[in-house]
Amino acid sequence: MFVTTADAELEPPIITVNTVLSLLAVDYPVHKLACYVSDDACSPLNFYSLVEASKFAKLWVPFCKKYNVQIRAPFRYFPDSEPSDSSSGELLQDWKNMKVISENRGGLSDEIPHLVYISREKRPKHPHHYKAGAMNVLTRVSGLMTNAPFMLNVDCDMYANNPEIVLQAMCLHLGSKNENEFAFIQSPQYFYDRPENLCILNEYIGKGIVGIQGPFYQGTGAFHRRDVVYGLCLDQIEHQGNIVEDELLKKFGNSKEFIKSAAQTLEGKTGGYSSNISRSLDEAHRVADCGYEYGSSWGDEVGCLYGATAEDNLTGLVIHSKGWRSGYCLPIPHAFLGCASPSGPAGMRQQKRWATGLLEILFSKRNPILATLIGKLQFRQCLAYLWILTWGLRSIPELCYIALPAYCIITNSTFLPKVQEPTVLIPLALFVIYKLYTLLEYIQAGLSIRSWWVNNCMARIVTTSAWLFGLVNAALEQFGFSEAVFEITQKIHRPSDVDEVMFDDSPFFVPGTTIILVHLAAWATGLLRLQSQGAHGSGLGDYFCSVYVVLCFFPFLRGLFMTGKKGIPWSTICKSTALALLFVQWCKMMSSVN
Ligand SMILES: O=c1ccn([C@@H]2O[C@H](COP(=O)(O)OP(=O)(O)O[C@H]3O[C@H](CO)[C@@H](O)[C@H](O)[C@H]3O)[C@@H](O)[C@H]2O)c(=O)[nH]1
Ligand SMILES: [Mn+2]
C-alpha cells in the first residue's frame, strides 16, 4: 500500500496520517500488508506525525476490528457527537477511551501492518519526475522489503472508506476465471463533503469502458500487479522463468538485491521477504538514490512512466497497449474518499495541468492511435482514450462557437436560417435533442436538474479557460519553450461553496470575462441598430445563442458587479475590456471588408 505526499503545507500531515491509519486498519491478514509512505517534502512534520500515528495505530486498529468500525479514518469517525444511546455500554466506554486516547495518545500494543517512511533523495539538476518518480522509488523499496505481488497506491488525501476494499480488489484479481485477466483494478475517485454529481459522472464513464479494455488508471485507488508494473506483457506469461541477469541489470538498474526480487516477481514466485525488513535498509537507500535510474528502463518501460504530468493516464495507456485489461471495483460503501477538487483558481490550475498532461500523451510516441495500429490497444478503447486526451484541443472550437453569435450580431449577419424558414428546425432539433439527452442521462443517474445545469456551465467555463491555457502550455512544451511542472493541488478539510466560481487576478478568468463583455457589446450594437434600421441581418437565432452563452457564463456576469472572492478583480476586467474592444473592432473590419 503506497501513499504519496509532497508538501506539508498544501497537504497537511493530519490528512496523510488519517489516510495511513485507514489503510493500516483494513480487513485483511496483517502479515500480508505493508504501508509505504513517500514524502517528497522530506518534512519533519510528516515524519513525526507518522511516528505518532504508528503508535496510535496500535490502539486504533484493534479497536476498529473489534467493533467492526466502518469508517477507519479517525477524523471522519470522531464527529462531535457520541454514538447513539442504543449502542452497548462497552462500546460506549471504549469509544470514550478511544476518543480520549486519540486526543492524548497512549500505548497498548497489537499487531499492525509494517509502516515504512521513505523520503527519496532529490538534487537540483537531477529530474525527480514528481509523482511518477516517487511511485517508482516506492516500487523499488517495497520490492526489496516485502515484495508483495500486488500494490495499491493512493494520494495522501484518499482514505480507505470501505475496510473490505483490499479483500474485494483481491477477489477481482485472483477470483476471476483467468487469474491473469487484469493488470490493475481501479476504484473511482469519490470525495467527501461534496455533492456527488461529478463523481457519479466519472463512475459512469468508467462503467462504459469496462466492457472494452477497462477503466483508465486514475493515479489513486488502483491495485496493480507488480509484474505488470515491471513491464510484463500478456504473451510473456507462459515463458516466464530463465530471465537473463544481464538483461535485468539493464532494465532495473544495478542493485543485485533488487534484481533478485524482480526476477522472483517476474517468474511468478512470491513471498519470503516479510521476515526482516530492516535488513534491506542499506540497499533501500541505494535504490532511492536520485541517480539510481540513469541508464535503466525505469520510467520508460518499467514502473510509472515519465514524460507527461498525467503520469497515471500514460501508465495505464501503455499497459492497455500491451493487451492487458483493467477491472473496476465499485463496492458499497465507496472504496476511497478524498478532499474535493478545489474550486476557483486552484481548481483551474488542476484542470490546466490535466489538459496539458493529457495533450503531452497525445503528442507523444505512446499515443493511442499508434498503440492501436502497432500495439494491442483495441479500437474502441482507443476512442475512449482520444476522448479524454483531446480535452485541451476542444477549447479552440468551443471558443469559436461561443464567439460566433456575437460576431454575427455585431456584423449584422447570421449563421442560422431565419425563424420563418423550415430549415431552422435542423439546428434547433440538434440543440434540443442533445440537451434533453444529457439531461435524461443525469436523471437516470439519479442526479438533479440543477447539477446538470451547473455542470453544463462549468464545462463551458473550464473548456474555454483552464483547458485553453493547458493547450497553450502543451504547445509551448512541444516547441521547447517551457517544461512541465506538477503543481500540487491544495487539500482542504472542508471546502465551501464547491459549485461557485471564485475569482482572483490570475489569467484564467480573462477568457470568461471577455466572453461576457463581447456578448454584452454585441447586444448593445445589435439593439441600437434594430431601432434605427430594422432587422434583416442577424435574427432571433443569433440572439438566442448569445443569451444561452451569457447564461452559461452567468457567474462572470455577476462577478462584474460583486466584490470579494465572487467579484472579478479590476485588473482582469481591464484586460478583458481591451480584448473585447479588439474583438469588436475586428468584427467591424470584417463587415466593412464584405
Ligand atoms: O512531486 C510530487 C507531486 C505530487 N505528488 C503526489 O501526487 C499526488 C497527487 O497530487 P495532487 O496534487 O493531489 O493532484 P490531483 O490533481 O488531485 O491528482 C490527480 O491527478 C494526478 C495526475 O495529474 C494523479 O496522479 C492523481 O492520482 C490524481 O488524483 C499527491 O498525493 C501528491 O502528494 C508527489 O508525490 N510528488
Ligand atoms: Mn488530489
Side-chain angles (χ1 to χ4, degrees), residues 1-13 15-20 23 36-43 46 117-122 126-139 152-159 184 186-192 194 198-199 202 215-222 224 288 290 299 304-317 335-343 346-361 388-389 391-392 462 466 470 473-474 484-493 495:
M1 302 187 290
F2 301 159
V3 180
T4 48
T5 179
D7 190 313
E9 244 165 65
L10 295 174
E11 307 179 327
I15 292 185
T16 311
V17 159
N18 271 284
T19 302
V20 167
L23 289 178
Y36 296 83
V37 182
S38 153
D39 177 15
D40 266 353
C42 194
S43 147
N46 273 331
Y117 172 89
I118 305 168
S119 190
R120 63 190 166 131
E121 185 190 20
K122 281 183 180 171
H126 287 254
H128 59 74
H129 301 292
Y130 305 98
K131 182 181 170 194
M135 287 292 296
N136 288 342
V137 169
L138 283 165
T139 308
L152 158 70
N153 87 277
V154 292
D155 291 350
C156 59
D157 58 325
M158 288 278 169
Y159 71 85
F184 61 88
Q186 176 70 55
S187 294
Q189 290 193 29
Y190 290 99
F191 307 96
Y192 52 86
R194 88 162 278 174
L198 278 180
C199 319
N202 176 353
F216 311 130
Y217 169 39
Q218 295 182 4
T220 174
H224 279 271
C290 68
C304 209
L305 304 187
Y306 305 152
T309 34
E311 82 302 324
D312 45 352
N313 221 285
L314 176 63
T315 308
L317 170 60
F336 302 96
L337 293 185
C339 298
S341 289
S343 54
M348 290 287 179
R349 263 196 298 280
Q350 187 184 35
Q351 291 280 353
K352 182 186 105 187
R353 197 189 72 220
W354 284 337
T356 310
L358 295 169
L359 283 175
E360 283 166 348
I361 304 175
I388 186 164
L389 296 186
W391 275 9
V462 168
N473 221 8
V485 257
F486 191 116
E487 290 177 73
I488 296 161
T489 314
Q490 165 95 56
K491 319 278 186 295
I492 332 162
H493 255 310

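From a predicted model like this one, the values you see are computed outputs, not experimental measurements. First listed ligand is number 1; within each ligand, the first listed atom is number 1. What you see below is based on every heavy atom in this structure, not just the backbone, and it leaves out hydrogens, waters and symmetry mates.
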inquiry  = Do D40 and T5 have side chains that approach each other closer than 4.5 Å (heavy atoms only, starting at C-beta)?
reply    =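 Answer no - side chains too far apart.
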Backbone N or O of [Y] within a donor-acceptor pair of the [X] side chain at under 3.5 Å?
X: T16; Y: C156; value: no
X: D7; Y: L10; value: yes
X: E360; Y: T309; value: yes

Is the closest N or O pair between [X] and ligand 1 shorter than 3.5 Å?
X: G219; value: yes
X: W354; value: yes
X: C156; value: yes
X: K122; value: no

Specify the protein heavy atom at minimum distance from [atom]: its residue, its atom name, and the distance to 0.1 Å.
atom: atom 1 (O) of ligand 1; result: Y130 CA, 3.2 Å
atom: atom 28 (C) of ligand 1; result: D155 OD2, 3.5 Å
atom: atom 15 (P) of ligand 1; result: R353 NH2, 3.2 Å
atom: atom 4 (C) of ligand 1; result: F486 CE2, 3.7 Å
atom: atom 12 (O) of ligand 1; result: T489 N, 2.7 Å
atom: atom 24 (C) of ligand 1; result: D312 OD2, 3.3 Å
atom: atom 6 (C) of ligand 1; result: T4 OG1, 3.7 Å
atom: atom 36 (N) of ligand 1; result: D40 OD2, 2.7 Å

note = Contacts of A222 meeting side-chain contact (heavy atoms from CB on, under 4.5 Å) (sequence neighbours excluded), chain-then-number -> N153, Q186, Y217, H224
Output the list of atoms in ligand 1 that are nearer than 4.0 Å to some heavy atom of [X], sorted by atom number.
X: Q350; value: 15 (P), 16 (O), 17 (O)
X: T220; value: 27 (O), 29 (O)
X: Q189; value: 28 (C), 29 (O)
X: T309; value: 22 (C), 23 (O)

inquiry  = According to ring-ring contact (aromatic ring centres under 6.0 Å, His included), who are the partners of Y130, at least two apart in sequence or on a separate chain?
reply    = H128
task = Closest by any non-hydrogen atom to atom 7 (O) of ligand 1: pick that one out of R120, H128, K131.
result = K131
inquiry  = I'd like the name of whichever of E11, M135, E311 reaches closest to atom 33 (O) of ligand 1 through any heavy atom.
reply    =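 Considering heavy atoms of E11, M135, E311, the nearest to atom 33 (O) of ligand 1 sits in E11.
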message = Evaluate K131 against D155 for salt bridge (Lys or Arg N to Asp or Glu O under 4.0 Å), listing each step before the verdict.
response = CA-CA 10 Å; K131 182 181 170 194; D155 291 350; 3.1 Å; yes
task = Mark the output for K491 as yes if a heavy-atom distance to ligand 1 is under 4.0 Å, and as no if none is.
result =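 Right, K491 reaches ligand 1.
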query = Any non-hydrogen atom of Q218 lying under 4.0 Å from ligand 1?
reply =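 Judged by the 4.0 Å heavy-atom criterion, Q218 does count as contacting ligand 1.
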Trace of the side-chain contact (heavy atoms from CB on, under 4.5 Å) decision for E487 with K352 = CA-CA 10 Å; E487 290 177 73; K352 182 186 105 187; 4.1 Å; yes
request  = Any chance you could lay out the side-chain contact (heavy atoms from CB on, under 4.5 Å) test for Y36 and M1, step after step, and finish with the verdict?
outcome  = CA-CA 6 Å; Y36 296 83; M1 302 187 290; over 6 Å; no
task = Provide the closest heavy-atom pair for E11 versus A6 in the form atom of the first, atom of the second, distance.
result =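 Minimum heavy-atom contact is OE1-N, 2.7 Å.
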message = Counting only heavy atoms not in E121 (residues, nucleotides, ligands), do more than 12 fall under 6.0 Å from its CD?
response = yes
request  = Under the side-chain contact (heavy atoms from CB on, under 4.5 Å) rule, what do C339 and Y192 come out as? Steps first, then yes or no, please.
outcome  = CA-CA 6 Å; C339 298; Y192 52 86; 3.2 Å; yes
